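This is a predicted model, so every value here is computed, not measured.
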Amino acid sequence: MKRRPLLSLLAALPLGSCLAADDFLTFEPKGEAKGKHIVLISGDEEYRSEEAMPMLAKILSERHGFKTTVLFSVNKDGFIDSNNQASVTNPAALDSADAILMSIRFRHWPDEAMKHFHDAVQRGVPIIGLRTSTHAFNMAKDSTYGAWAWNNEKGGFGRIFLGETWVSHWGKHRAEATKGILEPTAKDNALLRGVTDLFGTTDVYEAAPPSDAVILARGQVLAGMEPGSPPADYRKKNKAGAEQSVNEPMMPIAWSREVKNESGKTNKVLCTTMGSATDLTNESLRRLVVNGVYWGLGLEVPASADVTYVGDFKPLMYGTKDGEDLNDPHRFRGFKRGVKPADLK
């Protein structure tokens with residue numbers, strides 16, 4: 001039997017197919033390819049980004065014609081391990097990234113891996129940051145990239161680029177969900193096209209984006225974990241020490257910025273403090289993320305982007321504990337063990 005060259009075999013793969021190495025995923029575009037490469041980075045110990053990022057990558061690839069690559073945190077045996085804060089697979093993919101979609105927390109990657117991320121940012125690629133990406137890095141002070149640590153005096157990568165770092169849980173963690181209230185002044189903003197009913201079971205974060213941020217939505221703290229739960233009604237002290245109602249004013253939960261970086265290039269940024277895998281079962285939140293990719297790349301944002309799942313998506317409830325608490329109706333759980341990136345294709 002005559003053997004076909006490897007390049008010919010790769011070229012014969014159908015659009016929409018997944019090319020998987022042992023530790024990362026690449027989805028080739030289906031339909032009309034847009035010629036853009038979106039790199040999605042997972043790596044957090046709690047909010048199941050290792051489940052959410054492949055789901056979003058498939059939507060961006062199959063529904064919208066983008067090439068997507070998903071990076072993971074893995075252990076020495078190649079299994080997904082979100083607790084391994086030093087791990088990111090195939091960071092060289094960032095060298096060809098046209099946009100970055102990230103959901104990471106307290107990472108301390110080696111400098112050689114950080115360089116790929118740093119250089120992509122300095123090229124001026126758009127950045128979409130979800131949930132804990134405000135406190136993405138916990139680099140050592142002697143790292144070349146120590147200034148991007150979340151607790152740096154300037155707030156690290158989160159505050160410099162996304163507009164905020166870690167401050168506090170403003171709502172009660174795992175007890176008070178978030179209802180998104182769209183900002184009236186942003187009703188005609190392209191990023192909100194098709195976005196109607198934001199809801200997530202994660203709580204509202206305390207956040208104070210800088211004055212250059214365009215607020216898109218604020219988070220109403222709910223006195224419960226269901227969409228129909230009433231607004232919470234109590235007071236607490238904010239970071240500045242002032243007491244205020246948890247819902248008056250409501251904290252920003254989604255905003256955009258344009259940030260000039262050290263190289264003189266401008267990064268278009270969309271940040272939302274929502275974004276657990278369970279939050280992303282909300283259609284409007286998925287649409288906000290997809291809209292952010294289009295907006296960041298300077299492409300026309302669809303009137304109502306198709307964000308239907310490609311295959312099944314049944315994410316675990318967020319959490320850091322191993323196993324399952326049967327007394328918790330929301331099943332506070334850790335990440336699935338024994339899963340490799342290729343299993344998620």
Side-chain angles (χ1 to χ4, degrees), residues 13-20 25-42 47-70 97-103 125-131 178-180 182 186-201 216-217 227 253-256 268-272 274-315 344-345:
L13 286 170
L15 291 176
S17 62
C18 169
L19 303 178
L25 299 174
T26 294
F27 298 93
E28 295 296 336
K30 184 177 181 180
E32 184 179 351
K34 292 186 172 62
K36 301 292 185 181
H37 181 202
I38 317 304
V39 175
L40 299 89
I41 315 174
S42 68
Y47 294 104
R48 308 286 66 88
S49 60
E50 71 278 0
E51 298 184 31
M53 294 294 104
M55 177 272 291
L56 291 170
K58 292 173 188 176
I59 289 174
L60 288 165
S61 172
E62 296 222 8
R63 309 291 186 218
H64 298 280
F66 295 106
K67 176 182 177 180
T68 57
T69 300
V70 189
D98 294 299
I100 294 171
L101 172 50
M102 58 190 293
S103 184
V125 302
I127 304 164
I128 300 93
L130 308 185
R131 191 65 173 170
T178 298
K179 179 179 180 180
L182 303 185
K187 63 183 179 64
D188 296 324
N189 194 302
L191 283 163
L192 293 180
R193 287 179 186 166
V195 175
T196 56
D197 60 343
L198 291 169
F199 171 79
T201 58
L216 301 169
I253 59 167
W255 61 87
S256 64
K268 296 175 75 173
V269 173
L270 170 65
C271 179
T272 175
M274 301 181 76
S276 69
T278 51
D279 283 354
L280 286 159
T281 61
N282 176 263
E283 181 177 317
S284 280
L285 183 58
R286 297 198 304 277
R287 187 165 289 120
L288 175 64
V289 172
V290 170
N291 288 353
V293 173
Y294 276 87
W295 169 80
L297 292 170
L299 301 173
E300 179 67 19
V301 177
S304 184
D306 183 355
V307 292
T308 52
Y309 301 133
V310 178
D312 292 333
F313 182 62
K314 297 177 181 177
L344 301 177
K345 63 184 180 181

Between the main-chain N or O of [Y] and the side-chain N or O of [X], is there a donor-acceptor pair closer than 3.5 Å?
| X | Y | answer |
| --- | --- | --- |
| Lys268 | Trp295 | yes |
| His64 | Asp306 | yes |
| Arg63 | Tyr309 | yes |
| Asn282 | Asp197 | yes |

What I'd like to find out is whether the side chain of [X] reaches to under 4.5 Å of the side chain of [Y], using heavy atoms alone.
| X | Y | answer |
| --- | --- | --- |
| Thr178 | Asp279 | no |
| Arg48 | Thr278 | no |
| Phe27 | Glu62 | no |
| Thr26 | Lys67 | yes |
| Phe199 | Thr201 | yes |
| Arg286 | Val289 | no |

[atom1] of [X] to [atom2] of [Y]: how many Å apart, nearest 0.5 Å?
| X | Y | atom1 | atom2 | answer |
| --- | --- | --- | --- | --- |
| Ile253 | Arg131 | CD1 | CZ | 10.0 Å |
| Leu182 | Ser284 | CG | OG | 8.0 Å |
| Lys58 | Thr68 | NZ | OG1 | 10.0 Å |
| Met53 | Leu344 | CE | CG | 12.5 Å |
| Glu28 | Ser61 | CD | OG | 7.5 Å |
| Leu299 | Lys34 | CG | NZ | 7.5 Å |

* Results of side-chain contact (heavy atoms from CB on, under 4.5 Å) for Ala99 - residues two or more places apart only -> Ile38, Pro126, Leu297
What closest approach, in Å, do [X] and [Y] show between heavy atoms, and which atom pair accounts for it?
| X | Y | answer |
| --- | --- | --- |
| Gly35 | Asp98 | O-OD2, 4.0 Å |
| Asn291 | Arg193 | ND2-O, 2.9 Å |
| Ser49 | Pro54 | O-CD, 4.1 Å |
| Leu288 | Leu191 | CD1-O, 3.4 Å |
| Met274 | Leu285 | CB-CD2, 4.0 Å |
| Ala186 | Leu192 | O-CD1, 3.3 Å |

* To do: Check the side chains of Ser103 and Ser42 for a donor-acceptor pair under 3.5 angstrom, ignoring hydrogens and angles.
  => no
* Asked: Under the side-chain contact (heavy atoms from CB on, under 4.5 Å) criterion, do Ser304 and Arg287 qualify, and how do the steps go?
  -> CA-CA 8 Å; Ser304 184; Arg287 187 165 289 120; 3.6 Å; yes
* With Phe66 via ring-ring contact (aromatic ring centres under 6.0 Å, His included) - residues at least two apart -> Tyr294
* Structure fact -> side-chain contact (heavy atoms from CB on, under 4.5 Å) with Leu101: of Val70, Val39, Ile41, Leu130, only one passes, and it is Leu130
* Given Val195, Thr272, Leu270, Leu198, the one that forms side-chain contact (heavy atoms from CB on, under 4.5 Å) with Leu216 -> Leu270
